[in-house]
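Here's the structure we're looking at; comments come further down.
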Protein chains: 2
Amino acid sequence: MNQPLKIRLDNALNKGSKADRKIANFMMSGLSELPFETASSIAKKVEVSEATVGRFCRSLGYTSFKNLKDHLKNDIGDHPWLMSDRLRELQGNEIAGDAALASGMELEIAGLVSVYELARTPEWRRAVKRLATRDCVHVAGFQTERGIAQYFANQLQYIRDRVTLLDLAGGNFIETLATDQDACLVIFEARRYSRLAKLLAQEARAAGIPVTLVTDVFCDWGHAVADEVFAVRTQFHQFWDSTALMASLSNLLIHGVFTELGPEVDNRLDKIARLYGRFTGHVGAPQAQVEN
Amino acid sequence: MNQPLKIRLDNALNKGSKADRKIANFMMSGLSELPFETASSIAKKVEVSEATVGRFCRSLGYTSFKNLKDHLKNDIGDHPWLMSDRLRELQGNEIAGDAALASGMELEIAGLVSVYELARTPEWRRAVKRLATRDCVHVAGFQTERGIAQYFANQLQYIRDRVTLLDLAGGNFIETLATDQDACLVIFEARRYSRLAKLLAQEARAAGIPVTLVTDVFCDWGHAVADEVFAVRTQFHQFWDSTALMASLSNLLIHGVFTELGPEVDNRLDKIARLYGRFTGHVGAPQAQVEN
DNA sequence: CTCAAGTTGAAATATTTCTGTCATTACGTC
DNA sequence: GACGTAATGACAGAAATATTTCAACTTGAG
């Protein structure tokens, strides 16, 4: 019941009727074109009726061709890997509320994959390089994203100097930005709190400070005022949008900067670890991971 | 007249009207999802009318949104929309660093699945119920987890009263805890900063305040001092541990509390939305999700 | 060959998506 | 502030896409 499209198609190829095999075959050979098709366009191409295409999709377990396309978007399908059993248990269990939970999880996983994809773009590399090399990094976040901003800033502070979390209560950030000529700015923002963030970005840009914006896909001004826009997905069937993936994105950024800085960072970590050991009673770098 | 979509969108970003920029921005931030959209689905998401989306496409030089999609098919060959393709690409690419990235992603996905599993345990339900019903909720987090704690607290404040983020700089939290008899406490913690968190948990327990602990899987004292322990995975082949999944866990908790509170919460959201609207210039609940 | 079961397409219907018109609103100019 | 232009959304109609119904067809067992 909850298999990836490909497996289902494979099944249909064997057990299905003539028309079913035609359709399955067509779909198999052009999975990546599928989003552009409609039930009727496929019907024409494989010379069956629209009705048959619809029926075929239903026989595969989807409610319609459109439904199939929707699943295609987030098909984490052929990865039995890590989760299959547990995931399937979640997915199979249609007790009230849990279905939404399970589909939300799929969406969030898809969103997480998107975040990792962002980490391979030229924009990402540019932002990482800048965060590693500029004299000074400002970080800002509003409302709930303030927490994420702090999370990011705190971690960045471990691996480099001169990271400041902007306090924007008053809205008087201009002077803060003006203090350093070789600064850059990272803003965490989600649509619902746009105004201040936009203002900040504009002023930073006016001051010649490059801006990296982490936001959701609904932000309608990002590309106009930021040097890089990293848009994460936020809708996971929860009662309001979740910006949790920004934290994952943060960690990936941090990791990137760490890699970029390379050995430079070691001294700093040691120093901090010593300072920090006094405070917590621990010794050693703060849980720096052993390379494996 | 024969430019790729991206260039045209960039153009629209500068020269276009407000609605045009909204649409352009949205398309920019998710080119690879575009084939799955329709004019009206986009219209809903960016909050313009369907007509405007149509007009926008025409202003870009296409005859319709559908026509735009058709061009997209050829335009961006390097944007596979199939999740599995994208995963494969990440995994197949063994350029230095990327292999680690891909395997890290798998681990993080597995970790995310674990988080969703936590949300189905009896402990989870118990914690959610408590967070919904107790008079007062304290939230605490240390070092980098302080940001996560703030993220959690901020969101919880939207849906219920009397949520406080403990400031633990001095370590004098005892009095704070003692002020209310019907309180509960949520601690975000990760191994490297254990001492204070443990102390806090102990004192809370001594004061009769139930403790919910969100930590990593290495925490060795949690079960002794907390009523519930939610352990998230943290090792994703990054140079140090990532507690990003705690943010996802936070959102799930929030969602749970919201569901538990049910209609009660609506008034509060409205009130806040109004307050908040004055601040940001927005109206309506803060991006409460429309059920679909 | 006959019948039953399953499969299919045509036509009708329902639904979704798109376009055109028009009144309203926003914006810049004077 | 008044004016004209441009932008926008609501609405309605048009087109497309999808679904249902039903009769015709195919297939295979007897």
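Just so it is clear: chains get the letters A, B, ... in the order the sequence lines come, proteins before strands, and each one is counted from 1.
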Practice prompt. Write down the atom of Asp241(A), the atom of Asn251(B), and the distance for their closest heavy-atom approach.
Written response: O-ND2, 4.1 Å
Discussion item. Any base atoms under 4.0 Å from Val53(B), or only sugar-phosphate, or nothing? Heavy atoms, all strands.
Written reply: nothing
Worksheet entry | Between P of dT8(D) and CG of Asp220(A), the distance in whole Å | 12 Å
Practice prompt. For dT17(D), take OP1 and OP2 only and decide whether either is under 4.0 Å from a side-chain N or O of Lys66(B).
Written response: yes
Practice prompt. Check the distance between dA16(D)'s P and Asp70(B)'s CG and give it to me in whole angstrom.
Written response: 13 Å
Fill in: Set of residues satisfying side chain to side chain contact (heavy atoms under 4.5 Å, CB included) with respect to Leu165(A), sequence neighbours excluded
Val139(A), Arg146(A), Ala149(A), Gln150(A), Ala153(A)
Fill in: Arg205(A): partners by salt bridge (charged side-chain N to carboxylate O under 4.0 Å, His left out), with sequence neighbours left out
Asp227(A)
Practice prompt. Would you list the pairs meeting salt bridge (charged side-chain N to carboxylate O under 4.0 Å, His left out) in which at least one residue belongs to residues 37-63 of chain A, sequence neighbours left out?
Written response: Glu37(A)-Lys45(A)
Between the protein and nucleotides 19-25 of chain C, list every N/O to N/O distance that falls short of 3.5 Å.
residue: dG20(C); atom: OP2; partner: Arg58(B); partner atom: NH1; Å: 3.3

Worksheet entry | Proximity to the side chain of Ser17(B) - top-ranked nucleotide from dG9(D), dT17(C), dT8(D) | dT8(D)
Worksheet entry | Presence of Thr52(B) side-chain N/O under 4.0 Å of dT8(D) phosphate oxygens OP1/OP2 | no
Discussion item. Tell me every residue that passes salt bridge (charged side-chain N to carboxylate O under 4.0 Å, His left out) with Asp182(A), counting only those two or more places apart in sequence or in another chain.
Written reply: Arg134(A)
Discussion item. Heavy atoms only, 4.0 Å cut-off, all strands: where does Glu47(B) land among base, sugar-phosphate and nothing?
Written reply: sugar-phosphate
Worksheet entry | Interface residues of residues 18-27 of chain B with DNA chain C (non-hydrogen, below 4.0 angstrom) | none
Worksheet item: Does the pair Glu260(B)/Arg160(B) count as a salt bridge with the N-to-O cut at 4.0 Å?
Response: no
Worksheet item: What nucleotide among dG9(D), dA18(D), dG9(C) has an atom nearest to a side-chain atom of Thr38(A)?
Response: dA18(D)
Worksheet item: Can you tell me how far P of dT19(D) sits from CG of Leu68(A), to the nearest Å?
Response: 11 Å
Worksheet item: Is it true that Trp240(A) and Tyr158(B) have ring centroids separated by less than 6.0 Å?
Response: yes
Response to the item:
Closest non-hydrogen atoms of Leu200(A) and Leu185(A), given as atom of the first, atom of the second and distance, are CG-CD2, 3.9 Å
Item to complete: Looking only at non-hydrogen atoms, find the nearest pair between Leu13(B) and Arg21(B) and report the distance.
Response: O-CD, 3.0 Å
Worksheet item: Is any side-chain nitrogen or oxygen of Ser40(B) closer than 4.0 Å to OP1 or OP2 of dT17(C)?
Response: yes
